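Quick caveat, the model's predicted, so the values are computed rather than measured. By convention in this document, chain letters (A, B, ...) are assigned in the order of the sequence lines, proteins followed by strands, and residues within each chain are numbered from 1.
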Amino acid sequence: GEDVEQSLFLSVREGDSSVINCTYTDSSSTYLYWYKQEPGAGLQLLTYIFSNMDMKQDQRLTVLLNKKDKHLSLRIADTQTGDSAIYFCAEAYNNNDMRFGAGTRLTVKP
Amino acid sequence: DVKVTQSSRYLVKRTGEKVFLECVQDMDHENMFWYRQDPGLGLRLIYFSYDVKMKEKGDIPEGYSVSREKKERFSLILESASTNQTSMYLCASSPISYFEAFFGQGTRLTVV
């Protein structure tokens with residue numbers, strides 16, 4: 001079946017850039033999302049990209065979409081300890097459904 | 001701000017009990033969802049509802065049922081709880097145009 005895949009762990013030093021990668025398999029996906037989950041909390045939308053875009057930048061966040069390879073990435077510049085969280089890649093399709101990856105746990109070391 | 005509220009943060013239930021997880025949203029959203037979150041598996045959709053009294057099965061509906069009698073409230077029911085249903089349960093809502101899903105804080109259910 002269709003699957004959204006992402007690595008489970010990433011560790012970086014404070015001040016470095018973090019890059020979290022994701023692959024998806026449904027080419028009909030309309031929106032692609034990055035959600036952030038902090039400890040003990042629900043998911044919060046971090047950023048999104050329309051499927052007809054290649055790149056979106058929002059302050060320290062850069063989303064890159066390679067539709068040909070079905071690859072989505074999230075880059076966090078100048079990573080801070082407050083960025084430590086689980087980051088979920090997700091795709092929206094069929095108007096009413098959303099498929100999530102397993103989540104990448106980002107650990108930021110001081 | 002959109003608020004999605006789940007009735008409990010933590011629940012401990014016995015095997016075989018009937019369990020109700022309640023979710024309320026205050027933004028008049030048409031769509032509501034129940035997911036379970038397990039380590040290494042991400043979020044998996046159990047059921048969703050796109051209107052009052054309407055429901056659709058997600059990827060893992062077995063052992064669960066849902067109820068949506070009012071637009072703002074979506075209940076997840078475990079008819080007979082089992083230990084493999086120990087998990088974090090997340091409720092979400094979104095408008096019909098489906099741009100963004102808003103999540104509740106989650107209910108950590110332990111079945112003993």
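Heavy-atom proximity under 4.5 angstrom to chain A picks out nothing from residues 80-88 of chain B.
Distance check, rounded to the nearest 0.5 Å: CZ of Phe100(A) to CZ of Arg44(B) gives 13.5 Å.
Only the side chain of Gln37(B) comes within contact range of chain A, with at least one heavy atom under 4.5 Å from a heavy atom of that chain. At a 4.5 Å heavy-atom cutoff, Arg108(B) makes no contact with chain A through either its backbone or its side chain. Proximity to chain B (any heavy atom under 4.5 Å) is shown, for Gln44(A), by neither the backbone nor the side chain. The parts of Leu43(A) that come within reach of chain B are both its backbone and its side chain, each placing non-hydrogen atoms under 4.5 angstrom from that chain. In this structure, the portions of Leu43(B) lying under 4.5 Å from any heavy atom of chain A include both its backbone and its side chain.
Criterion: ILVMFWY side-chain heavy atoms under 4.5 Å apart, direct or through other members. Under it, Tyr31(A) and Val63(A) are part of a common hydrophobic cluster. Placement of Phe48(B) and Trp34(B) in two distinct hydrophobic clusters is found when ILVMFWY residues are connected by side-chain heavy-atom separations under 4.5 Å, directly or transitively. One hydrophobic cluster holds both Phe50(A) and Leu61(A) under the rule that ILVMFWY side chains link at heavy-atom gaps under 4.5 Å. The hydrophobic cluster containing Tyr64(B) also contains Phe74(B), counting ILVMFWY residues as joined when their side-chain heavy atoms lie under 4.5 angstrom apart, directly or transitively. Grouping the Ile, Leu, Val, Met, Phe, Trp and Tyr side chains by contacts below 4.5 angstrom, directly or via other members, places Leu45(A) with Val4(A).
Under a 3.5 Å cut-off, the side chain of Tyr35(A) and the backbone N or O of Ala101(B) do form a donor-acceptor pair.
Taking both residues in full, the closest heavy atoms of Gly40(B) and Ala102(A) are given as O-CB, 3.4 Å, listed atom of the first, atom of the second, then distance.
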Intermediate values then yes/no, side chain to side chain contact (heavy atoms under 4.5 Å, CB included), Met98(A) and Tyr35(B):
CA-CA 11 Å; Met98(A) 185 179 247; Tyr35(B) 292 88; 3.7 Å; yes

